[in-house]
Amino acid sequence: MKKRIAIFASGSGSNAQKIMEHFKYDGQAEVALILSNNPDAYVLQRADNFEVPTHVFDRHALYQTDEIVNLLAKLQIDLVVLAGFLWLVPQNLLDKYPNKIINIHPALLPAYGGKGMYGDRVHQAVLHAGEEESGITIHFVNEQFDEGEIIYQARFRIEPNDGLEVIKFKGQQLEHLHYPKVIENLLKRM
Ligand code: GAR
């Protein structure tokens, strides 16, 4: 049986898109569900385009009930992938999926991570600090923001004239290139 992936995303979902593309004709794994806390997230449209089922939930459902863990169990999900999901993962989910929940972060953790560090804010902080390089981090998820064990990092140079849009683009290119492959490799070991 194919390994089954669930993706949590709060926004555009360009990473979710790349992951769905990567596994669309894969014999080993498939994206079985996209979940979002945001009913207006573009990622839901992307999921529809791939005919991947979606589920929208609110804070109460995630933090006060077993709705999400029960859904993941029902759909026999093997790996949970966060792709631009901005809420902390609750303990009931961490307990059900030990070392089976991963996240992508648009910087070289442990720098530029933690609560409130997402999207453009991360790149702004990197720029303000005058860094000469940045990158992406894929890591296991634990009960703290951006603190789980690092699985993979990739780097890019920041040139003197690079602004926000440029480093965002460079980071996104790396995310899109590596996240699907890292997921594929993890699934092979599961
Ligand atoms: C990605 O760049 C991801 O690294 C970042 O959100 C973006 C989502 O983009 N995640 C974080 O900042 C988590 N702290 P997408 O919706 O186009 O995939």
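One-based numbering along the sequence shown. Just so you know, ligand 1 is whichever comes first in the structure, and atom 1 is the first atom listed for that ligand.
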Would you call the rings of Y152 and H178 parallel, tilted or perpendicular, where under 30° means parallel and over 60° means perpendicular?
-> tilted

K18/E21 salt bridge by N-O under 4.0 Å criterion | yes

Considering only the protein, which heavy-atom contact is closest to atom 10 (N) of ligand 1, and what is its distance?
-> I104 O, 3.6 Å

What atoms in ligand 1 come closer than 4.0 Å to a heavy atom of H105?
-> 4 (O), 13 (C), 14 (N)

Residue of the set I34, V43, I5 for which side-chain contact (heavy atoms from CB on, under 4.5 Å) holds with M20 = I34

For atom 1 (C) of ligand 1, what's the nearest protein heavy atom and its distance?
-> E175 OE1, 3.2 Å

Is D162 paired with K170 through a side-chain N to carboxylate O contact shorter than 4.0 Å?
-> yes

How close does the nearest protein non-hydrogen atom get to atom 17 (O) of ligand 1, and which residue and atom is it?
-> S14 OG, 2.6 Å

Out of curiosity, N15 CG to Y179 OH, how far, rounded to the nearest 0.5 Å?
-> 7.5 Å

Please check if the side chain of K100 supplies one atom and the backbone of M190 the other of a donor-acceptor pair under 3.5 Å.
-> no

State plainly whether the residues D120 and K168 are in salt-bridge range, i.e. N to O under 4.0 Å.
-> yes

Looking only at protein heavy atoms, identify the closest one to atom 5 (C) of ligand 1 and say how far it is in Å.
-> P106 CD, 3.9 Å

Evaluating non-hydrogen atoms only, which member of G113, G84, S12 is closest to atom 6 (O) of ligand 1?
-> G84

Shortest heavy-atom approach to atom 9 (O) of ligand 1 - which of N15, I7, D146 | N15

Give the contacting part of M117 toward ligand 1: side chain, backbone, both or neither, where contact means a heavy-atom distance below 4.0 Å.
-> backbone

Flag G13 as yes when one of its N or O atoms lies below 3.5 Å from any N or O atom of ligand 1, and as no otherwise.
-> yes

Could you list the atoms of ligand 1 found under 4.0 angstrom from a heavy atom of G119?
-> 12 (O)

